[in-house]
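Computed over heavy atoms, backbone and side chain alike; hydrogens, waters and symmetry mates excluded.
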Amino acid sequence: MNAVAAWAGAGGAANAGAGVKVGVIDTGIDQTHPCFDATGYAVPAGFPKGDASLTTNKVIVAKVFNNKVPSKGYSAAAVQEHGTHVAGTIACDYGLTHSTTIVNGVTVSYGVSGVAPAAFLGSYNVFPGDVTNARSEDILNALDAAYTDGMDIINMSLGGGSHGIQDLLTIAVDDLDEAGMISAVAAGNSGPGHYTVESPGSAARALTAGAYSVGHFIGTPVTVDGNTYGAAAGDFSTVTSDLTAPLGVVLSGTSLSTACSALTAGSLTGKIALISRGACTFSTKIRNAQDAG
């Protein structure tokens, strides 16, 4: 996204997002993660807020919102990882090199960074402990607290059923935007298609982001009869050692089949099926391949 070039106008990565306070309404932020090394940060006046034991000079707020906090003893601690991941996308320190990532045995040696690496972060945990479904009222309270705390931007990588102009959260997002706090919100997980944007991403004044699949596929090229397919190996608990068997290429016309409907009986007996992703569940594909032998 050419972020480095964009930062040039702000004086480079050291100033990208400097002074901006971004609240993350999510599962909390692990303030000990290397992405949030607070070295060189000076905590703004009036901060930290919330549970000071879960804050630093970079993660300057740690609060929890759930109607069962008193009875369950929930805290703002990031028990689940989603909020930490989101916060890293937003403001992971620039060029993080004191931690390495290994993918399939290959070290990713280049530095990583958030899109606004110098920004401050506020943690507003609406999924404390093992809570996986946040109440709209708790999210509303988190939004209210973020505004009161002076957050410039709020991020909500969450969504739920939308209820038009009577929707509690869309009204809140619109009102807070007019009051000066920007809300960046996920479109939700119900798309694609009309009327699938969830609340509060459906708010008129929200900055709502949908998902996009890039045109890159990392896989293993498999060539059969002169045709090459990009293959991805699945993880199957019943396969405990390497298998050697003829490759059964399942075609639909001249294209690789999705195997979403019944296959010819016996056509895959003793073979390893090569089928396409998409259109139906993995379980359906596996069942159809199994029924074909």
Side-chain angles (χ1 to χ4, degrees), residues 1 26-27 79-86 88-89 92 99-110 112 127 130-134 157-162 185-198 201 208-293:
M1 60 183 293
D26 212 291
T27 66
V79 176
Q80 302 175 60
E81 72 279 356
H82 188 266
T84 300
H85 176 102
V86 168
T89 301
C92 181
S99 177
T100 57
T101 298
I102 298 176
V103 178
N104 290 340
V106 178
T107 299
V108 180
S109 58
Y110 52 80
V112 300
F127 299 96
D130 59 357
V131 173
T132 58
N133 188 20
S157 293
L158 49 78
S162 179
V185 194
N189 296 318
S190 297
H194 293 299
Y195 309 112
T196 57
V197 177
E198 297 178 337
T208 304
Y212 179 77
S213 297
V214 299
H216 301 294
F217 175 76
I218 300 174
T220 302
V222 175
T223 301
V224 183
D225 295 332
N227 296 313
T228 300
Y229 308 97
D235 294 322
F236 302 98
S237 59
T238 56
V239 178
T240 57
S241 61
D242 290 345
L243 296 176
T244 300
L247 196 63
V249 181
V250 184
L251 296 175
S252 176
T254 58
S255 300
L256 202 59
S257 172
T258 58
C260 288
S261 56
L263 304 173
T264 303
S267 61
L268 291 173
T269 299
K271 298 179 181 180
I272 297 173
L274 181 67
I275 58 182
S276 179
R277 293 186 59 148
C280 62
T281 66
F282 289 161
S283 295
T284 300
K285 298 171 186 293
I286 292 169
R287 190 178 303 112
N288 287 333
Q290 185 177 20
D291 289 345

Report, one line per pair, each donor and acceptor closer than 3.5 Å where one atom sits in a side chain of residues 264-276; sequence neighbours left out.
{"residue": "S267", "atom": "OG", "partner": "T264", "partner atom": "O", "Å": "2.7"}
{"residue": "T269", "atom": "OG1", "partner": "G266", "partner atom": "O", "Å": "3.2"}

Task: Any residue meeting side-chain contact (heavy atoms from CB on, under 4.5 Å) with S157, in chain and number order, not counting sequence neighbours - done: D26, H82, V86, N155
Task: Within residues 282-293 or reaching into it, pairs that qualify as side chain to side chain donor-acceptor pair (under 3.5 Å) - sequence neighbours excluded - done: T281-T284
Open item on the list: So, taking the atom named OG1 in T27 and the one named CG in D130, what distance separates them when rounded to the nearest 0.5 Å?
Closed with: 12.5 Å
Task: Residues which pass side chain to side chain donor-acceptor pair (under 3.5 Å) with T223, listed by chain and number, not counting sequence neighbours - done: T228
Task: T258: side chain to side chain donor-acceptor pair (under 3.5 Å) partners, not counting sequence neighbours - done: none
List the atom pairs, with distances to 0.1 Å, where a side-chain N or O of residues 186-194 and a protein N or O form a donor-acceptor pair under 3.5 Å, not counting sequence neighbours.
{"residue": "S190", "atom": "OG", "partner": "E198", "partner atom": "OE2", "Å": "2.4"}

Task: Atom of F127, atom of Q80 and distance for their closest heavy-atom approach - done: O-NE2, 3.1 Å
Open item on the list: Listing request: all disulfide (SG to SG under 2.5 Å) pairs with a residue in residues 240-293, at least two apart in sequence or in separate chains.
Closed with: C260-C280
Task: L256/V249 under side-chain contact (heavy atoms from CB on, under 4.5 Å): CA gap, chis, key distance, verdict - done: CA-CA 7 Å; L256 202 59; V249 181; 3.8 Å; yes
